[in-house]
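Report on the structure given below.
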Number of protein chains: 2
Amino acid sequence: MTSSDKTLADRTYRQLRGDIVNGRLAAGSKLKLEGLAQDYAVGMSPLREALARLMGDLLVVSEGQRGFWVAPLSLDELDDVSRVRALIETEALNAAIRNGDAEWEHEVTAAFEALAAVEEHLPHTREPLPPEQLEIWEARNRAFHAALVSAAGSPMLIKLRALLYQQSERYRRVSLNVSRGWRNVHDEHRAIYDATMQRNALRACRMTELHLARTAEEVRKAMAALSRDDDAPGDKA
Amino acid sequence: MTSSDKTLADRTYRQLRGDIVNGRLAAGSKLKLEGLAQDYAVGMSPLREALARLMGDLLVVSEGQRGFWVAPLSLDELDDVSRVRALIETEALNAAIRNGDAEWEHEVTAAFEALAAVEEHLPHTREPLPPEQLEIWEARNRAFHAALVSAAGSPMLIKLRALLYQQSERYRRVSLNVSRGWRNVHDEHRAIYDATMQRNALRACRMTELHLARTAEEVRKAMAALSRDDDAPGDKA
DNA sequence: TGTCAATCTTATTTCGATATTTTTTCGAAC
DNA sequence: GTTCGAAAAAATATCGAAATAAGATTGACA
């Protein structure tokens with residue numbers, strides 16, 4: 001859509017990726033090729049190509065002659081992803097604080113202010129965020145975290161960080177659908193931003209770890225609640 | 001071939017991956033689809049699927065309607081990959097030393113001894129290793145490093161480690177074709193092994209870092225020599 | 001020398017044929 | 001009457017080949 005969609009396979013890859021990350025395609029569900037080909041209006045070849053690429057992003061799994069599934073989510077994997085993400089993200093942030101120049105500071109500031117504009121009047125109530133505002137917040141949150149590490153000077157670190165961020169985002173979306181309102185995520189972002197601008201790498205990394213750990217904890221609660229609901233689905237059969 | 005080749009796309013993926021990692025398909029070279037389809041005796045569909053998956057492994061790059069290339073190698077990327085690999089690998093080794101049980105110790109020991117059996121009568125001369133012995137050494141080196149971290153208890157860490165190992169292997173293969181004989185790589189492996197068995201995580205990680213840094217240094221020299229040769233290819237035009 | 005158009009090469013995609021897995025049906029045994 | 005298993009049927013994944021469309025190249029013309 002927005003960026004380089006030179007081929008149908010490209011476009012389909014991006015669409016599928018979005019639909020998996022935001023949960024429109026449920027975790028663990030079977031991806032029936034014929035249905036997908038219809039929904040996305042493509043033939044088998046570009047579709048399979050897109051799915052093959054998504055395997056590399058750890059968003060899709062496949063089994064021999066049996067087809068493709070959306071990669072499942074689990075509490076164990078949530079822990080795993082969160083911990084590895086903290087490792088990568090702090091390493092990258094540390095490097096960025098060492099290497100970042102004035103332009104980087106400017107970009108981080110712009111990203112932070114854009115994010116702050118959304119976060120400052122976030123509902124403290126327990127009503128769920130309207131979908132389109134959620135999309136805006138997701139986009140700016142992603143942009144802020146990406147901007148922070150953009151000066152790390154390590155393409156590999158940045159690639160891995162993006163991979164792990166995307167994994168985390170899948171989990172986070174689960175919790176946002178169940179969430180009892182927003183914790184003070186904005187304060188956490190501000191703490192990271194301030195420490196970064198002061199070039200206090202140690203503090204910036206600690207704040208990042210805290211931020212990731214709290215997010216993971218929130219997701220963990222939401223997922224635990226969900227799986228309890230699955231076990232005891234109430235009255236309706 | 002050996003493992004799960006349930007589909008043609010699978011087999012082609014593995015074959016291509018091997019041919020890229022061991023350098024049979026040169027870094028940066030164009031992957032002409034028709035030619036590959038002939039060489040690997042497959043149609044377009046499985047071939048493209050395999051290439052799409054290789055993009056996720058960072059072994060292949062593609063550009064819009066222009067096709068596929070073997071991902072290029074560069075000195076900058078070598079540094080980048082080596083550093084990130086050290087980060088991931090030490091983190092994983094540290095966790096493995098914390099978590100590893102007796103079975104893990106046994107597996108590591110078996111892998112080390114298999115590797116040692118090859119390394120102990122490695123030529124100290126400057127003759128290049130015969131290809132089939134090189135393959136054996138590569139396989140056992142890979143198995144040893146994989147065994148070390150296998151008890152890390154973090155699937156994600158292990159996945160990323162495998163990705164980075166594969167990247168490093170591409171670079172290492174370059175240097176082995178130019179190499180002036182083997183440095184005492186066996187002593188380095190033994191040092192890592194001994195520290196690991198003593199559950200001395202700090203020392204094991206330091207030895208690993210040293211091992212990776214030395215390997216990277218060797219590759220760097222080889223690549224620098226190669227690119228000098230490219231610039232001044234001698235008499236022949 | 002630069003630009004445009006015709007042509008050729010190559011990547012991309014569609015579509016239909018084939019092979020595999022899953023489900024259903026039917027029958028026999030317990 | 002129920003359970004188990006085999007065989008047929010349906011659904012689905014995989015693959016190859018031909019059609020399409022995009023990009024690169026060449027050569028004529030200005």
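Throughout, protein chains are lettered first and strands after them, A, B, ... in sequence-line order, and every chain is numbered starting at 1. Values below: every heavy atom of this structure, side chains too, minus hydrogens, waters and symmetry copies.
Sorted by first and then second residue, the pairs that involve residues 36-56 of chain B and meet side chain to side chain donor-acceptor pair (under 3.5 Å), not counting sequence neighbours, are A/Arg48-B/Glu49, A/Glu49-B/Arg48, B/Asp10-B/Arg53, B/Asp19-B/Tyr40. Residue pairs that meet the salt bridge (charged side-chain N to carboxylate O under 4.0 Å, His left out) test with at least one member in residues 140-156 of chain B, sequence neighbours left out, are B/Arg142-B/Glu169. Pairs engaging residues 132-170 of chain B under the ring-ring contact (aromatic ring centres under 6.0 Å, His included) rule: B/Phe112-B/Phe144, B/Trp137-B/Trp182, B/Phe144-B/His189, B/His145-B/His189, B/His145-B/His211 [sequence neighbours left out].
In this structure A/Glu34 satisfies the salt bridge (Lys or Arg N to Asp or Glu O under 4.0 Å) test with no other residue, sequence neighbours excluded. With sequence neighbours left out, A/Glu91 forms a side-chain contact (heavy atoms from CB on, under 4.5 Å) with A/Leu157, B/Leu87. Every residue two or more places apart in sequence or in another chain that forms a side-chain contact (heavy atoms from CB on, under 4.5 Å) with A/Ala27 is listed here: A/Leu73, A/Arg170. Here B/Glu63 pairs with B/Arg66 under the salt bridge (Lys or Arg N to Asp or Glu O under 4.0 Å) rule; sequence neighbours left out. Contacts of B/Ala95 classified as side-chain contact (heavy atoms from CB on, under 4.5 Å), with partners at least two apart in sequence or in another chain: B/Arg98, B/Asn99, B/Ala152. Applying the salt bridge (Lys or Arg N to Asp or Glu O under 4.0 Å) rule to B/Glu105 yields the partners B/Arg199; only residues at least two apart in sequence or on another chain are considered.
An end-to-end axis angle of 10° holds for the helix from C/dT1-D/dA30 to C/dC30-D/dG1, taken from five base pairs per end and rounded to 10°.
Straight-line distance from the CH2 atom of A/Trp69 to the C1' atom of C/dT21: 10 Å, rounded to whole Å. Distance OH (B/Tyr13) to P (D/dC15): 16 Å, rounded to an integer number of Å.
Expressed to the nearest 0.5 Å, how far CZ of A/Arg24 lies from CG of A/Leu16 amounts to 9.5 Å.
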Report, as a single string ordered 5' to 3', how protein heavy atoms within less than 4.0 Å touch nucleotides 10-16 of chain C: B base, S sugar-phosphate only, - not at all. SSBBB--
Please list each protein N or O that sits under 3.5 Å from an N or O in nucleotides 4-9 of chain C, with the distance.
none

